[in-house]
Amino acid sequence: MSVATLALTRRAEALGKWGEALAGDDFVALPGSELAGWFTPADRARFFATWDHLHRDELVTGGVVRERRYGRLAASRGPGGEWSFTPLPHQAFQQTAEHIPLYEGQARMFSPIRAETLADPVLTGLIAADLAVVAAVVPEASRFEVGLHQIRVLATPDAPGCPTPEGRHRDGHDFIGMHLIGRVNCAGGESVVHREGLPPTRMTLTERLDSLVVSDTRITHEVTPTVADGATGVRDMLLVDINER
């Protein structure tokens, strides 16, 4: 077996294992050390650098300092299981007040994700991984609409960062992929998953590309505040909203 074939086999085994975990537990953690190996260092560096070009989120409340961009893709699965992606027109992002009372159903217009970023192989590779994991829950699905959020949350010594100012919540999607892009000079930022009748599950994404995929219709989730560790604390995330179409 060639090195390339062995790598693909191991990747398929990992995705299968993570899919089984999502189907059984309604969430699964994906180690960044494994995902990082699927991309070259140069590709990762180029993709991560796009978080330095986000725009201030003027709509977030409560003194939270957040930067973000938003974009959408249509995803289609081919007969061989491969995923193809087509950019969708930019539009406002909207969640119902039932799911996120904080914004009262307001349509929020964010700066668009750049076209070259939407086509970046690291981005599409991460989305394809999320979709492969989700396929264990909805194996018959072959078309999804994917919403993408590049988000940077800042914390200062005087003001903690707040990754989820809405608190414990559902976002109103079928599934969500959460990928840590980076964290610098900060503590906290603990991800908490709540399942009916079970104690909360707590974990902290610390290494680049540490990830979490959740069934948003079945669990609620939140992230604790980040605290600056001396200098300004930075926590960068890619959020992938996945909805069957």
Side-chain angles (χ1 to χ4, degrees), residues 1-19 21 28-55 66-71 73 75 81-85 87 111-134 146-155 161 163 176-189 191 203-213 223 226 229-242:
M1 183 181 294
S2 69
V3 173
T5 301
L6 181 60
L8 289 173
T9 300
R10 288 178 174 171
R11 182 181 305 189
E13 290 174 348
L15 290 169
K17 176 183 67 177
W18 297 333
V28 60
L30 285 54
S33 56
E34 176 111 15
L35 290 175
W38 298 0
F39 312 103
T40 69
D43 282 346
R44 295 198 307 268
R46 180 196 61 248
F47 181 60
F48 296 158
T50 65
W51 265 257
D52 293 329
H53 303 283
L54 307 185
H55 293 165
R66 182 165 68 187
E67 300 172 354
R68 70 190 298 166
R69 288 180 182 266
Y70 174 65
L73 294 171
E82 72 284 356
W83 290 96
S84 61
F85 301 97
S111 297
I113 295 178
R114 293 172 170 176
E116 59 269 28
T117 304
L118 285 176
D120 192 289
V122 179
L123 178 66
T124 56
L126 290 172
I127 301 169
D130 291 343
L131 293 173
V133 172
V134 164
V146 177
L148 300 161
H149 308 258
Q150 291 184 285
I151 294 180
R152 168 170 286 179
V153 173
L154 302 176
I176 303 173
M178 311 174 192
H179 303 278
L180 179 71
I181 300 302
R183 53 180 288 153
V184 180
N185 298 327
C186 65
S191 299
M203 70 195 79
T204 303
L205 310 180
T206 57
E207 301 297 325
R208 277 184 155 170
L209 295 185
D210 277 354
S211 302
L212 183 64
V213 179
V223 181
T226 56
D229 185 10
T232 298
V234 178
R235 184 177 185 266
D236 292 343
M237 291 292 298
L238 169 68
L239 304 182
V240 181
D241 303 332
I242 299 171

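Since the structure is predicted, the reported quantities are computational estimates derived from the model, not experimental observations. The figures here come from the full heavy-atom set of this structure, side chains too, leaving out hydrogens, waters and symmetry mates.
Between I181 and R208, the shortest heavy-atom contact is O-NE, 2.7 Å. Listed here is the closest heavy atom pair of A75 and L131: CB-CD1, 3.8 Å. Smallest separation of non-hydrogen atoms from W83 and A132: NE1-N, 4.4 Å. Among all heavy-atom pairs drawn from P31 and W18, the shortest one is CD-CZ2, 3.6 Å. Residues V223 and S191 share a closest heavy-atom pair of CG2-OG, 4.1 Å. What you find for P163 and R235 is that their closest heavy atoms are CB-NH1, 3.8 Å.
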- Given the rule in the side-chain contact (heavy atoms from CB on, under 4.5 Å) test, do R152 and V234 qualify, once you have shown the distances and angles that lead to the verdict? CA-CA 7 Å; R152 168 170 286 179; V234 178; 3.4 Å; yes
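Listed by chain and number, the residues in a side chain to side chain donor-acceptor pair (under 3.5 Å) with D210 amount to none (sequence neighbours excluded). Scored by the side chain to side chain donor-acceptor pair (under 3.5 Å) test, R46 finds D43, D120 as partners (sequence neighbours excluded). Here H55 pairs with R69, S111 under the side chain to side chain contact (heavy atoms under 4.5 Å, CB included) rule; sequence neighbours left out. Partners of F47 under the ring-ring contact (aromatic ring centres under 6.0 Å, His included) rule, at least two apart in sequence or in another chain, are W51. Not counting sequence neighbours, the partners of T50 by the side chain to side chain donor-acceptor pair (under 3.5 Å) test are Q150. With sequence neighbours excluded, the residues that form a side chain to side chain donor-acceptor pair (under 3.5 Å) with S211 are H179.
Contact annotation: the side chain of F85 never approaches that of L118 to less than 4.5 Å [non-hydrogen atoms, C-beta and beyond]. Under the 4.5 Å side-chain criterion, counting only non-hydrogen atoms from C-beta, K17 is not in contact with V28. No side-chain heavy atom of R66 sits under 4.5 Å from any side-chain heavy atom of L54.
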